[in-house]
Structure formats: structure tokens, C-alpha cells
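Before any comments, here is the structure.
Chain A is the first sequence line, chain B the second, and so forth, proteins listed ahead of strands; every chain is numbered from 1. All heavy atoms count here, side chains included; hydrogens, waters and symmetry mates do not.
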There are 2 protein chains.
Amino acid sequence: MANVTSKTGRKPHAKKAAAQHGAGLQTAFQQVRELIVHGKLSPGMWIVEADLAQRLGMSRTPVRGALQWLQREGYVIEQKNVSKSRMIVAPLTKEDSSELYAIVGHLEGLAGRRTAQLPKEKRMEIVRQLRKLNTGLKSISRDQTGRAGDIFDLDTTFHSTVVKASAGPRLMALYNAVKPQTERYWRLYASSIINDLHNSVTEHEEIIDAIQEGDPDRVEAALQLNWSNGSQRLGKVIDLFGERGTW
Amino acid sequence: MANVTSKTGRKPHAKKAAAQHGAGLQTAFQQVRELIVHGKLSPGMWIVEADLAQRLGMSRTPVRGALQWLQREGYVIEQKNVSKSRMIVAPLTKEDSSELYAIVGHLEGLAGRRTAQLPKEKRMEIVRQLRKLNTGLKSISRDQTGRAGDIFDLDTTFHSTVVKASAGPRLMALYNAVKPQTERYWRLYASSIINDLHNSVTEHEEIIDAIQEGDPDRVEAALQLNWSNGSQRLGKVIDLFGERGTW
DNA sequence: GTCTACCACATTGGATACATTCTTGTCTTT
DNA sequence: AAAGACAAGAATGTATCCAATGTGGTAGAC
């Protein structure tokens with residue numbers, strides 16, 4: 001009865017390296033997210049686990065974990081009409097962008113409210129950083145020289161600075177889950193957003209002033225206005241160029 | 001090459017039922033969440049996948065998926081000091097409750113803002129439902145007869161009604177991910193929360209009036225106030241009875 | 001010629017096997 | 001006696017295997 005193949009029976013599982021130990025899920029998540037954000041996986045496209053696994057050179061297990069993660073964050077959604085779970089890349093629609101921007105605006109508003117209540121010295125340090133970043137944006141908007149990626153990085157750092165200054169782990173995690181999704185819309189409609197950059201720069205100045213003054217209500221309102229206006233600017237562009245992933 | 005064991009070769013994988021096909025993950029998620037919310041898995045407790053799998057009568061695969069889900073939602077967190085990912089049940093702390101309530105308040109405020117902008121007829125329908133629910137809460141608060149579970153259900157339905165009325169899929173998903181976490185604090189400190197119920201009832205009335213009037217700012221402010229006050233009430237109780245899962 | 005039924009295939013969900021890493025306990029040495 | 005090192009065990013991460021289900025295509029019948 002008792003088989004003796006306890007220690008020595010090892011032939012079927014020969015593989016290459018496995019990198020580290022717990023690196024697979026992380027890499028899978030980042031790489032698939034990258035593929036989605038850069039549009040290699042188009043909005044509305046049907047995702048096949050095995051294909052992704054092969055492309056990333058790993059088995060389906062970590063890919064599945066990554067997909068569940070991406071589903072929770074909103075990058076992929078389930079096709080609901082069928083009983084079986086078919087995952088598709090989340091479409092980019094005007095409706096969704098409006099909702100997404102509103103959510104980010106409110107989360108950031110909450111963080112900004114807390115940032116405004118920090119002691120004065122910390123606020124001044126934040127303000128200094130923000131002014132520097134916004135100056136960079138302003139010069140780009142004046143010269144029209146920066147590439148879209150630079151603008152996105154500066155803008156992302158600007159907002160991230162406001163949030164990181166005061167957010168606890170829970171808000172930070174939520175923000176990090178939601179905010180990066182705006183990148184999809186950014187990349188797709190970037191060229192048209194650049195033209196409106198000066199508006200955003202002006203709105204940023206109001207944000208900075210409000211933080212310097214330490215007025216929570218004003219900070220929150222300014223942040224929400226920035227996102228609300230951004231949503232409207234984006235909406236116009238989407239109307240022009242059409243949505244992706246729905247038909 | 002071609003083996004003929006396509007249909008008939010079934011010996012090594014004999015098991016009981018497997019329920020449906022894609023039911024395991026759902027069940028695992030709900031059950032583990034239940035265990036956490038009800039405190040069977042205490043805050044701070046170290047979670048072992050295999051134990052849970054055995055307890056739920058399934059393999060580690062669906063349990064693992066459920067845990068990743070629960071991690072993203074905040075029910076479990078990673079022990080960070082070690083390199084390996086050790087999952088523990090998220091502790092219940094005053095700090096965390098404060099953050100959680102603020103987030104829910106802001107998300108609900110956003111939804112409420114949209115609800116306030118619905119056409120008048122729909123608003124009136126909502127208002128009617130809300131008044132009925134709040135009347136139920138008021139009578140419980142007066143008679144001190146309801147059990148904690150009833151109060152929680154009524155309160156949850158109240159807030160959920162406001163959100164569902166106008167939230168899109170994204171906001172709805174986020175709300176459904178975040179709001180249920182307040183149940184953990186509710187259950188743990190429920191007995192003391194009941195005493196303050198009349199305050200919450202009064203705040204609800206303001207919410208209802210604001211919706212009836214169709215004033216987005218007022219609705220949002222009223223919702224946030226309800227959650228902010230709730231956070232303070234909870235904070236006092238936590239100070240009294242201590243936190244769970246930290247030492 | 002078209003519609004329906006059935007079969008083969010593709011894909012996902014779940015289970016298990018295996019390799020790696022972290023922990024813990026004991027033994028030895030200073 | 002205390003501290004460190006080594007060994008045994010436990011737990012996680014990943015790969016592969018099996019089952020279940022939906023989908024599409026083909027063939028047959030009306």
C-alpha cells in the first residue's frame with residue numbers, strides 16, 4: 001500500500017527558473033496592466049488566460065490571480081450575458097470616464113482636506129514641491145514642447161503629492177487602485193488634452209493657494225473642480241473621437 | 001500518440017459534488033468574509049490557506065482567489081515586516097475606522113449629490129422609501145426594542161437606497177466593496193452604538209429633506225455629517241473598549 | 001435549401017503535486 | 001547559561017492535470 005516515492009519521485013516538474021518566489025503575480029499584474037493601458041489589449045477585447053500566460057512565460061495560476069485583481073480594480077470586467085465568466089478589457093466610454101473622474105476627485109478631495117489640516121511647516125514643504133511641479137507644467141503649456149508622457153508624470157506627481165502627504169493606508173490603497181485608471185483615458189486622448197493644459201495649471205494654482213492657507217473646504221473644492229473640469233474637457237474629446245470598446 | 005481515454009478515463013479525481021462550476025470562489029469569498037465579520041477569525045489573526053480550504057471543504061485554489069479579493073477590499077492585509085506574504089485579518093483600530101468612515105462618507109456624498117439631481121418624481125419616490133425606513137429606526141430608538149441586527153439592516157438599506165438611486169456601475173462596485181466593511185465595527189461595538197441611535201435618526205431626516213429639496217450640496221454635506229458623527233461616536237466606544245488585533 | 005441536432009474543440013474553474021522559503025526547535029559550542 | 005547554527009516541518013507560490021460548460025461547425029433530415 002504505502003508507496004515509497006516520497007522523496008525521490010521527481011521527474012515531471014522540470015522548469016526554468018521561477019525568478020524569485022512571489023514575483024510572478026506581481027509581474028503578471030504589472031505587465032497585463034501595461035498591456036491594457038497602452039492599448040495593446042484593446043477595450044472590449046476578450047481576454048484568454050492561456051494566451052496571456054504563454055506570452056508572459058508563466059503558467060495560468062499567477063495570471064488568474066492578476067486578472068482577478070485587475071477585475072476588482074476595474075481594468076477588466078465580466079461579460080454578464082453568458083453564464084460562464086468571460087473577461088473582457090473594460091471599454092472606455094464617456095459615461096465611465098465621468099464616473100471615474102468624479103470618484104477620483106472625491107477621494108483626492110478627502111485626502112486634500114486632511115492635508116490642509118497638517119501643521120503649517122509640513123504644509124509649506126508640500127506647497128514648495130507643488131509649486132515646482134506646477135511651474136514645470138506651466139512652462140510646457142507655454143512652449144508646447146513637452147511630450148504627453150512628461151505632462152502625465154508631472155500631473156500625476158502633483159496630485160500624488162497632495163494625497164501622500166496625509167492619507168492613511170486605506171485611503172492610499174484605494175487611491176492607488178482607482179487613480180491609475182485615468183491613465184487609460186489620458187493615453188488615448190492625450191494629444192487633445194495638451195491644448196487645455198493651461199486651464200489645469202490655473203486650477204492647480206488655486207489648489208496650492210488653498211493648501212498654503214490651510215483651508216480644508218477650499219482645498220477640497222479646488223481639487224474637485226480640477227477633476228470635474230478635466231472630466232468635461234475629456235468628455236468633449238470623447239465626443240469628437242468616439243468611444244472605444246463599445247458598439 | 002492519441003490516447004483514447006478521452007471520455008472514460010476518470011479515476012484519480014473522484015470527489016463529491018463540485019456544486020456548480022463557478023460557484024466555489026463566490027462561496028469562499030462570502031464564507032470567509034462572514035467568518036471575519038462575525039469575528040470567528042479575530043482581527044490580527046494569521047490566516048492559513050490550507051486550514052480555510054479544509055474547513056470550507058474545497059481546495060486551496062478558490063480560497064486563494066477569495067483571499068486576494070478580500071485583501072483588495074481591506075478585510076485582510078499583508079504582514080509587511082516579513083518578505084513572504086503572510087495574510088492576517090485586518091485589525092480594528094480607531095485610526096482605521098476613522099479613515100473608513102470618511103471614505104464611505106465621501107463616496108456616499110458623491111452618490112447623494114447625483115441622487116439630488118434626479119427628476120423630481122424619482123426623488124419623491126426615494127424620499128418616500130427613506131422616510132419609511134427612518135420611521136422604523138426612530139421607533140426602535142424610542143422603544144429600545146430592536147435587536148442590533150435589525151438596526152444595522154435598516155440603516156444599511158437607508159444608505160444603500162440613496163446610493164443605488166443614481167450610482168453608475170463603477171461607483172456602485174466601489175461602494176459595495178467599501179461600505180460592508182463598516183459592518184465589522186458595527187458588530188463589535190453594536191451594543192454601545194444603539195444608545196446614540198436617535199442622533200443618527202435626526203441626521204437622516206436632514207438627508208431626506210435635502211434630497212426632497214434637490215440640493216446637491218446640502219445632500220452631500222448631510223451624508224458626510226452623518227458618517228463623520230458616526231465616526232466620532234464609534235471612536236469614543238473604541239476608546240472605551242479598546243482596539244482589536246493590535247498589541 | 002434551410003433548420004436542427006449532435007459532436008468536437010476551446011476555455012474556464014478546481015484540485016493536486018512539487019519546489020522554495022520561512023519558522024521553529026534543539027543541539028552544540030563558548 | 002546563552003547564543004548561534006543546523007535541521008525538520010509548515011506554509012506559500014507555481015505548474016500541471018482533470019472536469020464542466022459553452023460555442024461553433026458539420027451533417028442529416030424535412
Side-chain angles (χ1 to χ4, degrees), chain A residues 3-29 31-32 45-71 76-88, chain B residues 2-32 45-71 76-88:
Chain A
N3 58 13
V4 253
T5 62
S6 60
K7 285 252 179 71
T8 53
R10 56 180 60 175
K11 66 248 136 155
H13 277 267
K15 67 207 133 182
K16 49 195 85 168
Q20 305 252 113
H21 193 58
L25 205 148
Q26 288 276 335
T27 24
F29 175 78
Q31 298 227 4
V32 177
M45 203 177 195
W46 175 28
I47 296 178
V48 178
E49 288 179 1
D51 293 353
L52 273 178
Q54 187 170 21
R55 168 157 188 156
L56 301 184
M58 51 181 68
S59 94
R60 275 175 53 211
T61 308
V63 173
R64 266 174 67 181
L67 283 180
Q68 282 174 344
W69 234 35
L70 289 161
Q71 182 188 351
V76 304
I77 59 178
E78 277 190 47
Q79 196 76 298
K80 18 186 175 294
N81 58 359
V82 290
S83 69
K84 195 159 198 171
S85 97
R86 276 247 191 105
M87 297 239 210
I88 65 171
Chain B
N3 58 12
V4 252
T5 63
S6 60
K7 285 249 179 73
T8 55
R10 52 180 60 172
K11 64 256 140 149
H13 277 264
K15 41 83 217 255
K16 47 197 85 167
Q20 308 254 113
H21 192 59
L25 205 148
Q26 289 272 334
T27 349
F29 175 77
Q30 288 175 347
Q31 298 227 359
V32 177
M45 202 176 194
W46 175 28
I47 296 178
V48 178
E49 287 178 358
D51 292 353
L52 272 179
Q54 188 169 21
R55 166 155 191 159
L56 301 184
M58 51 180 70
S59 93
R60 276 175 52 211
T61 308
V63 172
R64 167 177 285 267
L67 283 179
Q68 282 173 345
W69 234 38
L70 289 160
Q71 181 187 351
V76 304
I77 59 178
E78 278 190 46
Q79 196 75 296
K80 17 188 177 297
N81 58 1
V82 289
S83 67
K84 196 162 201 170
S85 100
R86 276 262 188 92
M87 298 232 204
I88 66 170

If I take atom [atom1] in residue [X] and atom [atom2] in nucleotide [N], what distance separates them, rounded to the nearest angstrom?
| X | N | atom1 | atom2 | answer |
| --- | --- | --- | --- | --- |
| A:Gln71 | C:dT12 | CD | P | 13 Å |
| B:Gln26 | C:dG13 | CD | P | 11 Å |
| B:Met87 | D:dG13 | CE | C1' | 11 Å |
| A:Leu56 | D:dA15 | CG | C1' | 15 Å |
| B:Leu25 | C:dA15 | CG | C1' | 14 Å |
| A:Trp69 | D:dG13 | CH2 | P | 12 Å |
| A:Arg86 | D:dT23 | CZ | C1' | 8 Å |

Identify, residue by residue, the members of residues 60-68 of chain A with a heavy atom below 4.0 Å from DNA chain C, and return them in order of residue number, or none.
->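 Close to the strand are A:Arg60, A:Arg64.
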Which heavy atom in A:Trp46 sits nearest to a heavy atom in A:Met87, and how many Å separate them?
->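 Scanning both residues completely, I find the closest heavy atoms to be CD1-O, 3.2 Å.
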Tell me which of A:Ser59 and B:Ile47 sits closer to the 5' end of DNA chain D, going by the nucleotide each one is nearest to.
->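 Result: B:Ile47.
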What distance do A:Leu52 atom CG and A:Ile47 atom CD1 have between them, rounded to the nearest 0.5 Å?
->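 One finds 6.5 Å between CG of A:Leu52 and CD1 of A:Ile47.
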Specify the residues of residues 48-55 of chain B, ordered by number, for which at least one heavy atom lies under 4.0 angstrom from an atom of DNA chain D.
->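 Those residues whose heavy atoms fall under 4.0 Å from DNA chain D, taken from residues 48-55 of chain B in numerical order, are B:Val48, B:Glu49.
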Which donor-acceptor pairs under 3.5 Å do side chains of residues 60-71 of chain A form with protein atoms, sequence neighbours excluded?
residue, atom, partner, partner atom, Å
A:Arg60, NE, A:Glu49, OE1, 3.0
A:Arg60, NH2, A:Glu49, OE1, 3.2
A:Gln71, NE2, A:Glu78, OE2, 3.1

With sequence neighbours left out, write down each residue that passes side chain to side chain contact (heavy atoms under 4.5 Å, CB included) with B:Gln54, or none if nothing qualifies.
->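 Here no residue qualifies.
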